[in-house]
Amino acid sequence: MIHIDLTDQPIDVAAALQLVEAEGAGAINTFIGTVRNQSTGRSVVRLEYEAYDSMALHQLRKVAEQALEQWPMLQQVAIIHRKGTLYIGDVAVVVAVSTPHRAESFAACQFIIDTLKQVVTIWKKEFYEDGDVWVAAHP
Amino acid sequence: MIHIDLTDQPIDVAAALQLVEAEGAGAINTFIGTVRNQSTGRSVVRLEYEAYDSMALHQLRKVAEQALEQWPMLQQVAIIHRKGTLYIGDVAVVVAVSTPHRAESFAACQFIIDTLKQVVTIWKKEFYEDGDVWVAAHP
Amino acid sequence: MNLKIALFGIAREIVGQSALEVSAPEGQSARGLLQDLHARYPELARLSSLAVAVNNEYAAEDAPLREHDEIALIPPVSGG
Amino acid sequence: MNLKIALFGIAREIVGQSALEVSAPEGQSARGLLQDLHARYPELARLSSLAVAVNNEYAAEDAPLREHDEIALIPPVSGG
């Protein structure tokens, strides 16, 4: 089962964890990305995430499907990404997977967040005291 | 910072996550072990975890300290293990770590749960419809 | 044919609007579209990458574009 | 000297009690203690492993035991 969401509301991590609970799954791995107070040495004040919604949702689902292909024992996959304005400590993304065995839970969760960062059409702009930058835009 | 607990009360996963939140940590990885309905092909009814408390707490702390040595960027580490009687779906263990960068959050969390399973003095007895077994006791 | 192109992130800022209509020869490829846009907006060429998406999928460079496709410019993504 | 040994899990069940007092020669090693206990409780020898802990640490096989040590038998752990 795949659960995908892209939301401008605060992410409820506990609810995300409940999505992946399964009686046959003894192992749940969760990655939570939060807004750090620093980025490449500069003090971050806030972030803005912009998304190409329809493509982001489609690509998020594809990433989850690829994980299910690679680890057929996966029972539940949840990927929830925030958009809009975020402040220090806010949750930007939650990935949660459940499997019968733990090694696969780590591998699948890491695959999902790594692949998400490469292909999902979401853009982050960091705002500092003295300027702003679209992350990764320039070499 | 290291947070260790061994408890006969249900584990509050959300509270465990709050323990590892840190402003400089953009990445939180969490492993949750729950009671599965099956083990080596038999239907599990319930589990009992017995602990050698003082040594388990000491060894849990050592595992966390080893992780901090190996990944000095770790900001917070929480390890909470349940003991007593557990039923299907109950949370047996939560490991949560926060770091500035995600690859290390996966590696450190996996190191902790793998090492915990090798050294921490906690014993699991599985109860089936038709018997019970101390897990891993015999070759 | 006329292509309508959705713009996001820094590409939207460089162009100064969130959608663009361009006229292109029939069978224009994704690569051809990018060359056109690089000529009109040189700052786009300075990005680490710039992909074309068609109907929510990344398009191959030689993929021919069609008038009713949902086309978008994809500057380097940075979600997560 | 007298050693007091705490027992857990399947070791506790095999011995039938949660602590054991044994008399041992001065300087008895962890290995020597295990050999004694294997002789008295042959089922202990069938376990996948059986370690001795002294004061909350795993003891080396040749570690000498002392009367006031907190000693425990550690059958294969299975937490997590």
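The sequence lines fix the lettering, A, B, ..., with proteins before strands; numbering per chain opens at 1. Note that the structure is a prediction, hence the values are computed from the model and not measured.
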Enquirer: Quick one: does Asn29(A)'s side chain get under 4.5 Å of Gln110(B)'s, heavy atoms only?
Expert: no
Enquirer: Nearest 0.5 angstrom please: Ile28(A) CD1 to Thr34(B) OG1, how far?
Expert: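 If we round to the nearest 0.5 Å, Ile28(A):CD1 and Thr34(B):OG1 are 5.0 Å apart.
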Enquirer: Side chain, backbone, both or neither: which part of Val13(A) has a non-hydrogen atom closer than 4.5 Å to chain B?
Expert: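 Val13(A) touches chain B through side-chain heavy atoms alone.
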Enquirer: Chain B heavy atoms under 4.5 Å from Gln38(A): which part of the residue, side chain, backbone, both or neither?
Expert: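 Contact with chain B involves no heavy atom of Gln38(A) at all.
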Enquirer: Please find the pair of heavy atoms, one from Pro100(A) and one from Arg36(B), that lie closest to each other, and give the distance.
Expert: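 Answer, listing the atom of Pro100(A) first, then Arg36(B): CB-NH1, 3.4 Å.
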Enquirer: For Glu21(A), is it the side chain, the backbone, both, or neither that has a heavy atom closer than 4.5 Å to a heavy atom of chain B?
Expert: neither
Enquirer: My understanding is that only one of Val91(B), Leu17(B), Thr30(B) makes a side-chain contact (heavy atoms from CB on, under 4.5 Å) with Leu17(A); could you say which?
Expert: Leu17(B)
Enquirer: Among Ala22(A), Gly33(A), Cys109(A), which has the most heavy-atom pairs under 4.5 Å with chain B?
Expert: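 With the most close heavy-atom pairs to chain B, the winner is Cys109(A).
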Enquirer: Return the option, out of Asp114(A), Val95(A), Val94(A), with the maximum number of heavy-atom pairs under 4.5 Å with chain B.
Expert: Asp114(A)
Enquirer: Identify which of Gly24(B), Ser98(B), Ser105(B), Ala103(B) forms the greatest number of heavy-atom pairs closer than 4.5 Å to chain A.
Expert: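 Most heavy-atom pairs under 4.5 Å with chain A: Gly24(B).
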Enquirer: Is the Phe106(B) ring parallel, tilted or perpendicular to the Phe106(A) ring (thresholds 30°, 60°)?
Expert: perpendicular
Enquirer: With a 4.5 angstrom heavy-atom cut-off, which part of Ala27(A) approaches chain B: side chain, backbone, both or neither?
Expert: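 Contact with chain B involves both backbone and side-chain atoms of Ala27(A).
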